[in-house]
Amino acid sequence: MRHVIALDVGGTGMKAALAGPGGEVLHRARRATGRDQGPDAVVAGILDFATELRAYGAEHFGMPAAAAGVAVPGIVDEAEGVAVYSANLGWRDVPLRDALAARLDVPVVLGHDVRTGALAEGRVGAGRGADRFLFVALGTGIAGGIGVEGRVESGAHGFAGEIGHIVVRPGGAPCPCGQRGCLERFASAAAVSEAWAAASGDPDADAADCAKAVESGDPKARAVWQDAIDALADGLVTALTLLDPRTLIIGGGLAEAGETLFAPLREAVRHRVTFQKQPSIVPAALGDAAGCLGAGLLAWDLLDRTDRMEVTP
């Protein structure tokens, strides 16, 4: 059976799959990233893992994978196939696409992890059927993916969707990006954890604890939560004004709070829009499988383009 390798490289672990032509998952595997051994070891581990996946496909499905899609964190030059920078993995300017293509002897496509997850959510997840969507991941930081007609926009320099660095509180808390008042300094899971730890006096408290305290009616928790909701709504309305998406998909750790997040967020956005059309605001559907599924979609897209080029006279 014709299939592709889909690989999602994270800061601590790698998720992989062999995906069939209909997107069906034929095989799943996981492995530690091994970042504690240094960036060269991480790259070697990715190459070895992909080689094992190729061998598994050849043995169990009668042929090796026809292509591979790989999602990686950090700054990614998708056109050149280069993993430019990742603080989590410690690498700079890694020509990962070419290294994998040489090892596997098949076409390879490299994608940014959040944009790749956005692609999956847009095509087969919460945004299925939406011609234009915005995916926002609320994790340690905040990042997004702009979906247009079945693809996700990378931008001229690979930075499209970095909604976490919209300034929502001018002159506010400094951000590692060099600005002050960035959205992710107020509305990410890490920011809520930090604020709730300070407000509750418990240094080990996190965003999930804050959400539980909100549900139990704790006024301090509600104040912390509302501050985050207000900042998030300010950032989202800026994005809605620029992009006019039909569907707004919220994922990441903070979205696990469910309606504790979504109910006040919808209301906060509703109060802020004027001429804009408020999109549907929905939770992501694919969880931590989104990046891997998206990598598979990238690989099939690459094959589709390759197949068309081969038959063009």
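Residues Val282 and Ile142 fall into different hydrophobic clusters, defined by Ile, Leu, Val, Met, Phe, Trp and Tyr side chains chained together at heavy-atom separations under 4.5 Å. Leu7 and Leu297 are not part of a single hydrophobic cluster, where members link through side-chain heavy atoms under 4.5 Å apart.
Contacts classified as ring-ring contact (aromatic ring centres under 6.0 Å, His included) and involving residues 49-72 (residues at least two apart or in different chains) are given here: His3-Phe61, His27-Tyr56, Tyr56-His60.
Side chain of Trp225 to main chain of Thr260: a donor-acceptor pair is present (N/O by atom type, distance under 3.5 Å, no hydrogens or angles). Listed for the Gln179 side chain is a donor-acceptor partner under 3.5 Å among the backbone atoms of His165. For the pair Asp230 (side chain) and Asp227 (backbone), a donor-acceptor distance under 3.5 Å is absent. Under the 3.5 Å distance criterion, the side-chain polar atoms of Arg128 are matched with a main-chain donor or acceptor of Val124. Under a 3.5 Å cut-off, the side chain of Gln276 and the backbone N or O of Gln278 do not form any donor-acceptor pair. Arg2 contributes no side-chain N or O that, together with a main-chain N or O of Met63, makes up a donor-acceptor pair within less than 3.5 Å. Side-chain N or O atoms of His112 include one that pairs as donor or acceptor with a backbone N or O of Gly74 at under 3.5 Å. At least one donor-acceptor pair under 3.5 Å links the side chain of Glu121 to the backbone N or O of Leu286. Without hydrogens or angle criteria, Arg35 side chain to Val42 main chain gives no donor-acceptor distance under 3.5 Å. Under a 3.5 Å cut-off, the side chain of Glu24 and the backbone N or O of Gly22 do form a donor-acceptor pair.
Within 6.0 Å of atom CZ in Arg266, more than 12 heavy atoms from other residues, nucleotides or ligands are found, so the atom counts as buried in its surroundings. With a 6.0 Å radius and a threshold of 12 heavy atoms from other residues, nucleotides or ligands, Arg28 has its CZ atom at or below the threshold.
Ion pairing between a basic and an acidic side chain is recognised when a charged N comes within 4.0 Å of a carboxylate O; Arg123 and Asp301 show such pairing. Arg103 has a carboxylate O that lies under 4.0 Å from a charged side-chain N of Asp48, or vice versa, which qualifies the two as a salt bridge.
Contact between Arg115 and Val76 at its shortest, heavy atoms only, is NH2-O, 4.1 Å. Shown here for Ala284 and Gly251, the closest heavy-atom pair between the two residues is CB-CA, 3.8 Å. Smallest separation of non-hydrogen atoms from Leu138 and Ala189: O-CB, 4.2 Å. Scanning all heavy atoms of the two residues, the minimum distance from Ala285 to Ala126 falls at CB-N, 3.8 Å. Across every non-hydrogen atom of Arg54 and Leu104, the tightest pair is NE-O, 3.0 Å. Closest heavy-atom contact between Cys175 and Glu184: SG-OE2, 4.3 Å.
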So Leu89 and Val94, side chain to side chain contact (heavy atoms under 4.5 Å, CB included) or not? Walk me through it. CA-CA 11 Å; Leu89 298 176; Val94 178; over 6 Å; no
Could you walk me through whether Asp244 and Lys277 pass the salt bridge (charged side-chain N to carboxylate O under 4.0 Å, His left out) check? CA-CA 7 Å; Asp244 187 28; Lys277 179 72 173 178; over 6 Å; no
Between Arg270 and Glu267, is a salt bridge (charged side-chain N to carboxylate O under 4.0 Å, His left out) present by the stated rule, with each step listed? CA-CA 5 Å; Arg270 187 182 69 81; Glu267 186 67 13; 2.5 Å; yes
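The closest side-chain heavy-atom distance from Asn88 to Thr33 is not below 4.5 Å. Counting only heavy atoms from C-beta outward, the side chains of Val72 and Trp91 approach each other to under 4.5 Å. Between Leu134 and Ile146, the closest side-chain pair of non-hydrogen atoms falls below 4.5 Å.
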